[in-house]
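Computed from a predicted model, the values in this text were never measured in an experiment. Proteins come first, then strands; the chains are lettered A, B, ... in the order of their sequence lines, and each starts at number 1.
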Amino acid sequence: MSDYQVVIIGGGATGVGILRDLSMRGVSALLLEQGDLAHGTSSRFHGLLHSGARYAVKDPESATECIDENLILKKIAPHCISNTGGWFVQTQDDPPDYVEQWIKACAEAHIPIREISPSEAYRKEPLMSKSVLRVFEVPDATVDGFKIVWANAKSARRYGGQYKTYHQVERLVMEKERVVGVVTKNLLNGEEIMVGCDIVVNAAGAWASLVAGSIDIPLDVICDKGTLLAFNQRLFQRVINRLRPSGDGDIFVPHETITILGTTSQFVDSPQENDPNEEEVKKLLQIGEQVLPNLTKYRVIRAFSGVRPLHREDHDVPGVNVPGINKEEGRNVSRSFVLIDHGVHNGVQGFISIVGGKFTTYRLMAEKVSDWVAEKLGNMTPCRTATEDLLPEIPENLWKKAAQLLPYAPVGKMLERLQEDTESVLGEIQRDPRKGQMLCECEMVSMAEVEKTAADEDTHHLADIRRKTRLGMGTCQGAYCTYRALPLLWKRQEKYDAIEDELRDFLNQRWKGIRPILWGQQLRETELTRAIYASILQVRG
Amino acid sequence: MSFEPNKAENLDACIKCSACTALCPVAAVNPLFPGPKILGPDAERFRLEGLQIGTTLLNYCSKCKTCEITCPSGVKITEMITRAQEDAKISGGGKTLQFSIRDYLFGRAEYLGRLAMISPNLTNVLLKAPPVRKILAQVLGISSEAPLPAYNPKFKGTETGRQSKKQVVYFPGCFVTYNDPPTGQAIVKVLEHNGYEVIVPSFHCCGTPLEGNGYLNEAKEIAKKNLALMDPFMRAGIPLITGCTSCGLALKECPSFEEPESELQTYDLFEFLWQLHEQNELRENFNEVQVSLGYHASCHLKAQGIGTPSVRLLRLIPGVQVAELDQGCCGLSGSYGFKKEKYNTAMQIGNPLFNRVRQGVASGEFQSVITECGGCQVQIRHGSGIKTEHPIWVLMQAYGLN
Ligand SMILES: Cc1cc2nc3c(=O)[nH]c(=O)nc-3n(C[C@H](O)[C@H](O)[C@H](O)COP(=O)(O)OP(=O)(O)OC[C@H]3O[C@@H](n4cnc5c(N)ncnc54)[C@H](O)[C@@H]3O)c2cc1C
Ligand code: SF4
Ligand code: SF4
């Protein structure tokens with residue numbers, strides 16, 4: 001007997017996109033995620049909503065997908081996207097003959113570009129190198145991975161979709177030549193349950209081959225690690241790309257309060273291998289300096305890495321030979337996605353894997369998967385995710401009330417994060433104005449918001465609160481907010497690990513990203529942090 | 001909002017220690033004021049994202065600069081706050097029209113002074129008249145209780161026309177020029193007594209009131225004008241001296257004064273006199289002056305980081321007893337405490353100081369108060385009822401000048 005029509009494995013952008021799409025079509029679906037939502041690659045990425053211009057020459061198919069999705073997402077999810085625009089800048093180090101090729105390819109992919117004079121460019125971006133040769137404007141934007149993943153999940157829930165976090169799928173259950181369910185383990189209490197369903201969707205990203213492997217289906221997913229640097233502030237107001245064939249360290253993305261520079265590309269053996277290292281950091285800084293002189297002077301608050309799931313077998317885009325870039329490296333494998341019907345390929349019915357792609361195209365990937373699923377289930381409802389708003393409109397009166405109660409906070413961000421929980425959080429601040437104080441001052445997250453998030457049924461660790469609120473993601477990297485949050489966890493101690501373990505785990509996660517960038521102001525900050533925790537809380541490390 | 005590389009570095013330097021907020025006098029008495037850390041480096045990261053936050057609260061910063069001296073990372077917090085104020089003004093946020101007009105006027109102490117000079121007596125009578133104060137309160141939001149200083153006939157500079165090879169340039173500042181010329185005359189006399197020719201070019205305002213009211217660019221413009229006036233003297237190596245601690249701070253912070261040789265040229269009056277003392281060039285044949293004084297160090301003197309040279313110097317005079325009051329800010333901060341909505345905050349900030357002054361006088365520890373800053377003098381007199389004046393007057397007595 002089936003508990004759900006569909007089980008989706010993986011709570012990244014792709015998985016929650018599928019959950020929402022199917023739920024909107026009236027298909028009953030359950031999403032299982034081994035960690036917290038967006039804890040995989042969907043929060044360890046660059047945050048660029050591609051215009052497609054980056055792929056125009058090498059991968060026109062991806063480029064077209066990107067520009068289409070770029071326009072759709074700007075329309076349906078404006079709260080999760082910052083429409084910064086982007087530039088492609090040609091420096092003296094970039095191949096001169098690439099420009100004309102690129103202009104032509106953008107035109108073919110219908111990506112609007114506009115050349116602007118270097119002098120205008122310097123005025124708008126004073127930190128940019130004064131020796132750039134040509135500058136073109138493209139409709140790049142930035143996207144908040146956490147926000148959009150949670151917005152999808154919450155929207156799906158409104159349509160009856162369900163998700164369970166900290167539930168790892170251990171294996172698929174087969175009956176004859178058919179998948180009939182999954183066995184999943186609740187990682188918080190060790191409980192194993194079997195969930196029956198008609199179709200299983202494998203949206204496990206870089207982990208997808210492990211999932212398929214549980215029933216001996218081979219799936220060639222390459223794990224391509226990319227490292228990124230987060231600078232303390234917005235150094236640029238728009239996305240800055242290099243006008244050259246894609247390579248390392250060639251994009252600056254202003255993301256919320258920070259700027260992200262990336263990325264590197266290196267094949268690794270497993271998605272777990274996401275530790276940034278010093279060599280990658282050095283390389284990024286060296287290349288980034290060609291666009292932003294004296295880059296090492298600006299404060300880096302952390303380095304982080306994500307693992308791209310790339311699919312090798314089915315790619316049909318010939319790799320362009322770029323000098324200095326090894327053919328075996330990740331950028332020559334197609335970034336476009338593939339849908340693998342294991343009935344056709346492996347003779348196993350009711351099982352589909354979605355592999356590859358980009359964050360920018362998550363909605364399109366979800367649409368394709370959902371079309372396939374709906375057809376199998378005989379559901380005729382068409383996809384509506386390209387037109388229906390992802391987030392409900394925030395009522396005017398809530399805006400006003402929030403601005404009044406929190407006179408110095410970026411309340412818009414809070415409202416976008418909290419959505420339907422806004423009212424109760426504001427009510428709490430009204431009852432006790434002290435809760436309107438900022439618990440995390442760098443990212444301006446109020447005590448009431450942290451308290452509410454800590455009590456949320458989906459929150460199981462301090463890191464979950466971080467992903468949902470941005471707590472600890474700013475300049476001080478958790479130096480002050482971490483201990484301030486502890487009493488709020490204590491209030492709900494039944495849900496959390498022992499407080500000292502939560503503390504240590506959280507600090508260690510922060511430490512992982514700080515270790516490769518220990519110099520200058522961030523070194524001072526870190527030493528101060530270590531002193532605080534060593535002397536007050538006896539946590540050493 | 002655009003920014004330059006040094007602004008970016010300034011923001012990066014903050015390590016979020018909160019020392020600045022812990023010592024901010026406004027945050028200490030006004031629970032709604034989130035303090036320098038939040039309004040400065042914290043909010044700055046959001047302002048770079050295009051989010052103007054806390055614009056009305058920015059105006060509650062008194063620009064005392066305590067935060068800047070406190071900061072272990074040298075973050076120019078006040079400048080960040082002032083620039084944000086200015087940006088908010090351009091984008092039309094933050095203030096009512098009434099307060100905008102008032103802050104516009106308060107920023108221009110020089111023009112107000114010149115206007116009052118048409119008839120200082122009439123201006124004073126008017127400023128004391130309750131109906132006028134009521135109108136000022138209602139129309140401009142100037143507190144009817146605030147101790148607006150009286151105007152006096154304009155400071156004329158040097159009267160003796162004394163010439164000497166030893167020269168100094170004196171920067172009187174608006175308070176001396178329009179409200180307290182006798183103190184200016186006293187400073188000139190003391191310098192002349194020490195063998196100096198005192199040159200007084202017709203300087204403009206130092207820019208502090210503009211900065212205090214959120215007009216950073218104009219403050220910089222006016223600094224440039226003063227710099228142009230100073231230029232020939234600077235080239236000739238003639239030192240610039242001022243007896244006002246806010247003018248002193250502004251002159252020392254003036255961007256073009258940052259080249260080390262020219263910075264050395266700018267002195268607080270007593271800093272200069274103390275240096276003469278150390279070089280055995282000060283006339284020290286003092287008369288005995290039997291007086292006990294309470295000394296208040298203004299915030300902008302502290303921000304100069306030169307200690308309290310006037311206390312050291314006065315203690316050289318036989319008979320003079322000086323007790324350092326050490327009770328923090330007086331609360332006035334230029335025109336801040338004159339503003340209707342800030343009057344109470346200013347008084348609360350000054351309260352520990354006023355109490356200390358009253359107790360000191362009541363117990364016979366000292367008879368009156370000295371402080372270099374004209375604003376502090378006005379506020380301490382207002383808050384404690386005790387006579388408060390510039391320390392130069394003690395030196396005048398010691399030299400037997402009048
Ligand atoms: C460094 C880097 C920079 C990037 N920059 C950009 C960019 O700027 N713009 C862009 O559009 N794209 C970018 N990408 C690509 C983009 O991030 C990914 O394509 C996208 O996030 C993949 O989403 P996903 O949902 O498929 O995978 P994921 O987000 O990884 O989600 C898969 C989820 O499945 C879960 N899971 C795995 N196994 C199991 C199991 N057995 N049981 C339960 N759950 C399981 C994982 O925990 C994980 O949360 C970047 C990628 C990297 C690495
Ligand atoms: S200048 Fe003074 S009032 Fe303003 S924030 Fe700094 S310490 Fe506070
Ligand atoms: S004192 Fe300086 S370093 Fe500390 S929080 Fe304030 S601005 Fe930042």
Side-chain angles (χ1 to χ4, degrees), chain A residues 82 84 122-127 142 231-237 254-259 292-295 297-301 403 406-413 433-434 436-438 440-444 474-481 520-529 531-532, chain B residues 1-22 26-27 30-61 71-75 77 80-81 84-85 88 93-95:
Chain A
S82 175
T84 55
Y122 303 144
R123 198 163 39 73
K124 289 186 169 158
E125 297 292 4
L127 298 190
T142 70
F231 288 84
N232 179 39
Q233 53 179 306
R234 279 172 87 102
L235 300 169
F236 291 124
Q237 294 305 318
H255 189 79
E256 302 265 327
T257 46
I258 62 175
T259 307
L292 203 165
N294 300 318
L295 187 56
K297 250 182 16 192
Y298 301 102
R299 179 169 172 180
V300 179
I301 53 176
L406 300 164
Y408 59 86
V411 288
K413 293 192 178 206
R434 282 172 311 177
Q437 286 176 19
M438 296 301 137
C440 166
E441 291 177 9
C442 299
E443 291 297 320
M444 302 238 185
T475 309
C476 84
Q477 287 291 301
Y480 303 91
C481 51
Q521 300 294 0
Q522 202 61 13
L523 177 60
R524 291 178 70 222
E525 184 84 68
T526 306
E527 287 304 287
L528 180 61
T529 310
I532 292 171
Chain B
M1 174 174 177
S2 66
F3 52 88
E4 299 120 30
N6 57 349
K7 281 193 217 162
E9 274 177 74
N10 187 26
L11 175 54
D12 278 348
C14 172
I15 51 166
K16 307 292 165 191
C17 68
S18 290
C20 51
T21 296
V26 177
N30 183 347
L32 297 176
F33 184 71
K37 171 177 178 283
I38 287 189
L39 290 180
D42 288 351
E44 189 77 355
R45 293 173 72 241
F46 292 87
R47 289 192 282 261
L48 287 171
E49 213 186 326
L51 298 171
Q52 295 291 340
I53 55 181
T55 43
T56 46
L57 294 169
L58 290 170
N59 302 327
Y60 279 82
C61 161
C71 174
S73 309
V75 178
I77 311 167
M80 249 179 222
I81 292 178
Q85 253 179 314
K95 275 190 212 173

Contact class of Leu11(B) relative to chain A, heavy atoms under 4.5 angstrom
both
Counting only non-hydrogen atoms closer than 4.5 Å, does Cys14(B) touch chain A with its backbone (N, CA, C, O), its side chain (CB onward), both, or neither?
backbone
Please classify the contact of Ala403(A) with chain B as side chain, backbone, both or neither, using a heavy-atom distance under 4.5 Å.
neither
Worked verdict on Lys16(B) versus Glu525(A) for salt bridge (Lys or Arg N to Asp or Glu O under 4.0 Å)
CA-CA 8 Å; Lys16(B) 307 292 165 191; Glu525(A) 184 84 68; over 6 Å; no
Between the OG1 atom in Thr257(A) and the CG atom in Leu51(B), the distance rounded to the nearest 0.5 Å is 10.0 Å
Chain A contact via Ile38(B) - side chain, backbone, both or neither, heavy atoms under 4.5 Å
both
Applying the side chain to side chain contact (heavy atoms under 4.5 Å, CB included) criterion to Glu49(B), which one of Gln237(A), His255(A), Glu256(A) satisfies it?
Glu256(A)
Arg524(A) and Pro72(B): which non-hydrogen atoms are nearest, and at how many Å?
NH2-O, 3.6 Å
Where do Tyr480(A) and Cys17(B) come nearest, in terms of heavy atoms and distance?
OH-CA, 3.4 Å
Is Gln233(A) reaching over with its side chain to a backbone N or O of Ala8(B), donor-acceptor style, under 3.5 angstrom?
yes
To the closest 0.5 Å, what do you measure between CD (Glu44(B)) and OG1 (Thr475(A))?
11.5 Å
Rounded to the nearest 0.5 angstrom, the CG-CD1 distance for Leu523(A) and Ile15(B) is 11.0 Å
Name the member of Glu125(A), Lys413(A), Gln522(A) that forms the most heavy-atom pairs with chain B at distances under 4.5 Å.
Lys413(A)
Donor-acceptor under 3.5 Å (Arg45(B) side chain, Ile258(A) main chain)
no
For residues Cys442(A) and Phe46(B), report the shortest heavy-atom separation together with the two atoms involved.
O-CE1, 3.3 Å
Does some side-chain heavy atom of Asp42(B) sit less than 4.5 Å from a side-chain heavy atom of Met438(A)?
no
Rounded to the nearest 0.5 Å, what separation is found between the CG atom of Leu32(B) and the OH atom of Tyr408(A)?
9.5 Å
